[in-house]
There are 2 protein chains.
Amino acid sequence: MPELNRVNGGTSTPILGRKVLRPRQQVEDALRKAVLDGQLRTGDRLPAETELARQFSVSRPTIREALSALESQGLIRKVPGAGGGSFVQAVDHTALGQVVQESMHNLLRLGSISFDEVAIVRQYLEVPAATLAATNRTDEDLEELQELLAEQKRRTVDDPMVAELDAQFHISIARMSGNRILAALVYALHRESEPVSYLDLSPEVGRDTFAQHRHIVAAIAEQDPGAAEAAITEHLTYLRGRIRKHISNQDAATV
Amino acid sequence: MPELNRVNGGTSTPILGRKVLRPRQQVEDALRKAVLDGQLRTGDRLPAETELARQFSVSRPTIREALSALESQGLIRKVPGAGGGSFVQAVDHTALGQVVQESMHNLLRLGSISFDEVAIVRQYLEVPAATLAATNRTDEDLEELQELLAEQKRRTVDDPMVAELDAQFHISIARMSGNRILAALVYALHRESEPVSYLDLSPEVGRDTFAQHRHIVAAIAEQDPGAAEAAITEHLTYLRGRIRKHISNQDAATV
DNA sequence: ATTGTGTAAACTGTCAGACGAATAGCAATT
DNA sequence: AATTGCTATTCGTCTGACAGTTTACACAAT
């Protein structure tokens with residue numbers, strides 16, 4: 001009596017019994033495929049929910065559930081009102097950054113990961129980001145960094161904008177690396193680790209970090225990857241010694 | 001006449017006009033908050049949809065839409081049937097890995113990012129992963145690596161399991177780093193870059209990479225981070241020169 | 001010519017109620 | 001002990017309706 005399941009590795013592929021796909025799942029899969037295969041392009045408008053319900057021979061709530069899933073993934077955007085509908089979205093690497101940030105935010109809240117883990121991984125990626133930025137930056141990139149520097153120079157350490165400007169500085173460098181995944185990950189990691197918030201920020205530390213930022217920008221200006229790597233490494237090492245302990249953290253704190 | 005909007009940075013916080021929250025959004029936010037604040041614990045069962053509809057004074061489809069959003073985020077799991085319902089899930093860093101993998105998969109399909117970007121970032125993270133694994137590995141970790149090595153030794157380069165065993169090898173090392181974010185990111189980056197699939201895999205290359213894997217494991221066994229870093233760097237450098245060009249890729253290919 | 005107001009149309013958001021599908025638990029039968 | 005049948009409880013899907021939102025257009029007022 002031959003076995004009715006074909007054995008493949010550790011799992012069995014049934015000959016007869018296939019897992020049925022529920023209506024909502026079929027609709028969701030079909031629409032996602034249309035988007036990912038390029039059959040639907042960015043900006044294209046999907047038919048109205050009532051029309052999709054007619055085309056797929058399902059009820060409108062089933063369509064709604066499938067569309068909501070695609071919206072959660074960022075593949076479409078829903079617009080109410082006349083001229084509304086579901087529109088295919090331009091999905092780029094910033095969607096990855098946001099999805100990572102949101103997921104890490106939840107995990108931090110749940111205690112599944114720690115700030116230290118976030119901060120350490122951020123540092124692993126900031127070094128190559130600066131190095132690549134030195135190689136790949138444009139003139140406009142450089143101007144932008146210099147403007148950020150000028151804005152930082154105008155601030156004292158008690159200004160609430162200091163943390164935001166620092167974030168913009170590092171996130172911009174990652175963007176200028178030319179590697180979009182690096183940019184997305186550094187964005188998310190930076191936003192979730194909030195390094196400046198945990199820094200013991202005296203006026204002296206403010207001056208030191210500003211000088212280090214200037215060295216980083218100079219290396220990027222000179223398009224010198226080695227100098228950029230050295231400058232960012234020095235900056236991160238300096239900061240590592242000046243972190244207040246996290247209140248909820250039992251381990252040695254790092255930024 | 002004072003302005004009715006309080007200006008804060010580039011955005012305005014209205015004094016009077018606040019963006020209204022739709023019923024579904026309120027329900028979703030309330031349930032998410034209950035999970036993230038620890039009011040609901042892993043394994044807890046939420047009330048039935050009809051009961052939640054009664055408690056929130058909304059219709060059941062509205063509850064369903066809110067629950068579906070939470071399920072998309074991995075915060076709950078829905079179970080049909082008697083004894084079913086919505087259960088709070090244990091969310092750990094593997095959820096981050098999956099979310100990143102899915103997002104990157106879509107972005108690759110859409111052409112928003114390239115394989116090279118994925119592969120390069122993976123390499124940036126594999127070096128510290130091996131280094132940390134040398135420091136933080138347990139005896140069980142080491143046994144697992146040695147078992148993976150033994151399994152790899154049994155395979156010839158045309159065996160379809162070679163790619164999977166290589167993936168397991170690298171992903172396991174990242175897990176042994178003890179940094180959960182690193183583990184999650186390396187998992188996703190490895191799964192999406194599929195390095196072995198793009199390798200020009202001759203028997204000689206197979207032997208060389210196996211020897212390199214053995215050096216990596218030896219360094220991890222000795223708990224020597226410097227040796228682990230050197231071994232993984234050598235391995236990645238070796239592989240970088242032996243990649244077939246990506247079919248859809250215009251740039252120089254790397255792994 | 002420009003601005004403001006009202007209306008209609010077209011879409012999504014939500015509601016109410018019903019039935020189908022899936023599942024666990026329990027009792028009866030073999 | 002294993003199998004089958006039944007019941008209750010939940011989620012999944014359906015139908016139909018109304019509410020809310022938005023755009024476009026027509027018309028009146030300036």
Side-chain angles (χ1 to χ4, degrees), chain A residues 1 4 14 16-32 34-35 40 42-89, chain B residues 14 16-32 34-35 40 42-89:
Chain A
M1 181 64 180
L4 285 184
L16 289 185
R18 301 293 168 107
K19 183 165 180 166
V20 297
L21 287 173
R22 264 73 207 173
R24 170 264 180 92
Q25 193 65 47
Q26 291 177 52
V27 172
E28 182 181 328
D29 292 347
L31 293 176
R32 182 186 297 108
V35 172
L40 290 170
T42 301
D44 279 0
R45 184 184 167 282
L46 270 66
E49 291 174 358
T50 44
E51 174 61 20
L52 284 171
R54 197 190 62 77
Q55 289 182 20
F56 281 107
S57 294
V58 296
S59 71
R60 194 181 142 216
T62 303
I63 294 290
R64 288 187 58 76
E65 297 215 357
L67 290 176
S68 288
L70 295 191
E71 191 181 31
S72 288
Q73 290 183 12
L75 294 177
I76 63 168
R77 171 178 49 94
K78 300 185 76 174
V79 178
S86 299
F87 295 84
V88 179
Q89 282 208 125
Chain B
L16 290 185
R18 301 292 168 107
K19 182 163 179 168
V20 297
L21 287 172
R22 264 73 206 173
R24 171 264 182 90
Q25 193 64 48
Q26 292 177 51
V27 173
E28 184 182 327
D29 292 346
L31 293 176
R32 183 186 298 105
V35 172
L40 290 170
T42 301
D44 278 1
R45 183 182 168 283
L46 270 66
E49 292 173 358
T50 44
E51 173 62 17
L52 285 171
R54 197 190 60 77
Q55 289 183 19
F56 281 106
S57 293
V58 295
S59 73
R60 195 181 141 217
T62 303
I63 295 289
R64 288 187 57 76
E65 297 213 359
L67 290 175
S68 288
L70 296 191
E71 192 182 31
S72 288
Q73 290 183 11
L75 295 177
I76 63 167
R77 172 179 49 94
K78 299 186 78 177
V79 178
S86 298
F87 295 85
V88 179
Q89 282 206 127

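In what follows, every heavy atom counts, from backbone to side chain, and hydrogens, waters and symmetry copies are set aside. The chains referred to below are lettered A, B, ... by the order of the sequence lines, with proteins before strands, and numbering in each begins at 1. Please read all numbers here as calculations on a predicted model, not as lab measurements.
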> Atom CG of Leu52(A) to atom P of dA10(C): distance rounded to whole Å?
Replying inline: 17 Å
>> Whole angstroms only, please: what is the CD-P distance between Gln26(A) and dA21(C)?
In response: 14 Å
> Between CZ of Arg45(A) and CG of Leu40(A), what distance do you get to the nearest 0.5 Å?
Replying inline: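 One finds 12.0 Å between CZ of Arg45(A) and CG of Leu40(A).
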> How long is the span from the CG atom in Leu52(A) to the CD1 atom in Ile63(A), to the nearest 0.5 Å?
Replying inline: 5.0 Å
> Which parts of nucleotides 8-13 of chain D does protein reach within less than 4.0 Å, heavy atoms only, written one letter per nucleotide 5' to 3' as B for base, S for sugar-phosphate only and - for none?
Replying inline: BBBBBB
> For Glu51(B), which residues count as a salt bridge (charged side-chain N to carboxylate O under 4.0 Å, His left out) partner, sequence neighbours excluded?
Replying inline: Arg54(B)
>> Under the rule for side-chain hydrogen bond (donor to acceptor under 3.5 Å, both in side chains), what residues qualify as partners of Gln26(B), not counting sequence neighbours?
In response: none
> If we only count heavy atoms from C-beta on, is the Gln73(A) to Arg32(A) side-chain gap below 4.5 Å?
Replying inline: yes
